[in-house]
Amino acid sequence: MLKTHQCGELRLEHAGQQVTLAGWVHRWRDHAGLVFLDLRDRSGIMQLKVDQASAPEAHALARDVRSEWVIQVTGTVVARPAGMVNPDLPTGEVELEVSTLTVLNRAKTPPFYINKDENVDEALRMRYRYLDLRRPSMQRNLILRHNVIRFIRNYLSDRGFIEIETPILFKTTPEGARDYLVPSRIHPGKFFALPQSPQQLKQLLMVAGYERYFQIARCFRDEDQRGDRQPEFTQLDLEMSFVEREDVMNLIEDMMIRIVEELTDLELVTKPFPRLSHDEVLRRFGTDKPDLRYGMEIVDLSDIAGASSFRVFADAVAAGNTVRALAAPGCASYSRKQIDELGVLAQAEGAKGLAWMAVEPGEEGPVRSPIAKYFSAEQLQAIVERMGAAPGDLILIVADTAPVVCAALDTLRRTLASRLGLADPKKIAFCWIVDFPLFEWNAEEQRWDPSHHLFTAPMWEDVPLLDTDPGKARGQQYDLACNGYEIAGGSIRIHDRAIQEKIFGLIGLDVEDAKQRFGHMLEAFEYGTPPHGGIAPGIDRLVMLLAGEPNIREVIAFPKTQQAADLMAGAPSEVDPQQLAELHIRVVDSTGG
RNA sequence: GGGGGCGUAGUGUAGCGGUUAACAUGCCGGCCUGUCAAGCCGGAGAUCGCGGGUUCGAAUCCCGUCGCUCCCGCCA
């Protein structure tokens, strides 16, 4: 080894020891006869002192050294003189008196700062990702990611789970996300698909009798990006036999609690995690992935608003639509312009408008609002009371169909929380969403679409509804939401042939289609399939939230840009015509004409 | 596929019709034996992403384009 110790580990107890360190020059301070170098390695930073009087050769070299040069030094750990201690550094009580210094490698001046956190253009970071990853904040994130994954492996292994790898080259599945395809050289005109998740394979492992399986699985989806979505991402894929919904949820809940408590300083808002039905979460938060770090819940005002003389509300309620609202704390003083901006947000979600009432402790009535004149004093009072609004609050009201109202108020709730600083970055709030509808009606195709996937079991007591009222049937599905993100989804699967065929029928899949696409699954299920279920937490999103980062690129070593490109390597790229010929592929200019 | 934001020395920003294109930091040179965002002195460094247009005059206004980013659609 070229080093005897790590930079970050040296303390007062090492004083007097001769050590050899190696790493990168983080900063340098040249005082002519005395040079200070901050030496950085993965473990931290150690101050080096190079004195002309005691080490003339090392001193001469040290004066030429620059940022990010790679050096090796040998010297004695000494306590810093009184008053020279740096309380900001874990190693701040000591320094290394260097006797010899070797330049292992010089470095060009980096294109951006390694030694301070500054917002650097994302394209530049990605182009020089290996330098970006050198920054302490990125190293902290990737180390946290490692610790989370190690924790998961240990936790599940200790509980009888076996980690099994499944193929990356698999079969296309037309439903769901767009597949990444890989052409087959040996089978002209045929393609593999990269897995969107190992869903089918983990169920087959249950048929195979492994009972408890997990995998840190890379998944691929060729869809457009978001801050929390990359074309390739990592899931903890997990499946268990002979379990019910509660078993899977309890396992994951306990694991998540321990991860937060043992690996982070975050404050867990609620333990155990709240369990909200799909109906309830939409009613209270307008979304199935609520941020529970703050309140500002949505309240239904349909009865009061419907009885008012405000035509927009009365007509909406008469038409079977709904009127709901939220109270933004302390926003009664918002200017007309600020309220208009909120209205634009609501309209972007399909709302036709945004009504508002400012709650004021005035003598002229409980609220100031352009629509106050359409309400009686009692109605206004009732609204303020039901909203739980205090003087100074701004009540924002949307009237429309339930999905539009939910979408608009969800957007307003998140936007306002962000502006008002309600989402405490030191807190983390999980909740389970259960009792999802098994199907969503696809009006275009005139059929039911599975709301999770087509192997999700209905609630056993809802099985009769499949024949009478499929839209009312609930699935044995469970999602885990955290701080406004969906971080896991799972279900108990169907292991009964008759129910599975009924589902295929409802989603418009005839027996021949089903055989074509899932023949291997259906055949396997005939050989003694245990009741089973599983879940798949997204590792990137989880680590993002644990690290307090705003997007998953910050916890992925080499992520893609929003345009699904790697700016460092230059991928994707054109390939040699010979490669294409071997793969029986011809590139067609789709932009032509 | 659609909508929004950003693009100015190596980096981060200011400037938003007429400036010698500013500031900080980094870089180069000099001074300096207790700094730790070291300090002081001096210097170099920008065809203002690219292309076109409007104008007497464009970093600034308009159109297009490229890149990054946020959002909608999409993501069983």
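What you see is a predicted model; the values in this text were computed from it and never measured. Convention: sequence-line order gives letters A, B, ...; per-chain numbering from 1.
Under the Watson-Crick or G-U wobble criterion, with both distances below 3.5 Å, C68(B) is paired with G5(B). G26(B) is unpaired under the criterion used here, namely a Watson-Crick or G-U wobble arrangement in which both key atom distances are under 3.5 Å. Across all strands shown, the partner of C31(B) is G39(B), judged by Watson-Crick or G-U wobble contacts whose two distances both fall under 3.5 Å. Remark: G51(B) base-pairs with C63(B); criterion is Watson-Crick or G-U wobble with both hydrogen-bond distances under 3.5 Å.
Under the 3.5 Å distance criterion, with hydrogens and angles disregarded, no donor-acceptor pair is assigned to the side chains of Q516(A) and E512(A). No donor-acceptor contact under 3.5 angstrom links the side chains of R413(A) and T411(A), judged on distance only. Side chains of S43(A) and D41(A): a donor-acceptor N/O pair is present below 3.5 angstrom, by distance only.
For the pair D121(A) CG and G10(B) C1', the interatomic distance rounds to 13 Å; values are reported in whole Å. Rounded to whole Å, atom C1' of C27(B) lies 15 Å from atom CG of D64(A). When rounded to the nearest whole Å, the span between CD of Q225(A) and P of C74(B) equals 16 Å.
Side-chain proximity of T561(A) to the nucleotides C70(B), C68(B), C28(B) is greatest for C68(B). Considering only the side chain of R229(A), G73(B) comes nearest among G34(B), G73(B), U33(B). Closest to the side chain of L567(A), from the set U11(B), G67(B), G1(B), is G67(B). Checked against U11(B), U69(B), G29(B), the side chain of Q562(A) finds its nearest nucleotide in U69(B).
Legend: salt bridge (Lys or Arg N to Asp or Glu O under 4.0 Å) pairs involving residues 475-488 of chain A, not counting sequence neighbours: none detected.
Proximity of residues 339-349 of chain A to RNA chain B (heavy atom under 4.0 angstrom from any strand atom) is not detected for any residue.
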Distances for protein N/O vs nucleotides 35-38 of chain B N/O pairs under 3.5 angstrom?
from   : atom 1 : to     : atom 2 : distance (Å)
U35(B) : O4'    : H31(A) : NE2    : 3.4
U35(B) : O2'    : R29(A) : NE     : 3.3
U35(B) : O2     : R29(A) : NE     : 2.7
U35(B) : O2     : R29(A) : NH2    : 3.2
U35(B) : O2     : Q47(A) : OE1    : 3.3
U35(B) : N3     : Q47(A) : OE1    : 2.9
U35(B) : N3     : Q47(A) : NE2    : 2.9
U35(B) : O4     : Q47(A) : NE2    : 2.9
U35(B) : O4     : R80(A) : NH1    : 3.4
C36(B) : O4'    : R29(A) : NE     : 3.1
C36(B) : O2     : Q47(A) : OE1    : 3.3
C36(B) : O2     : N86(A) : ND2    : 3.0
C36(B) : N3     : R80(A) : NH1    : 2.7
C36(B) : N4     : M84(A) : O      : 2.6
A38(B) : OP2    : R27(A) : NE     : 3.3
A38(B) : OP2    : R29(A) : NH1    : 3.4
A38(B) : N6     : D30(A) : O      : 2.8

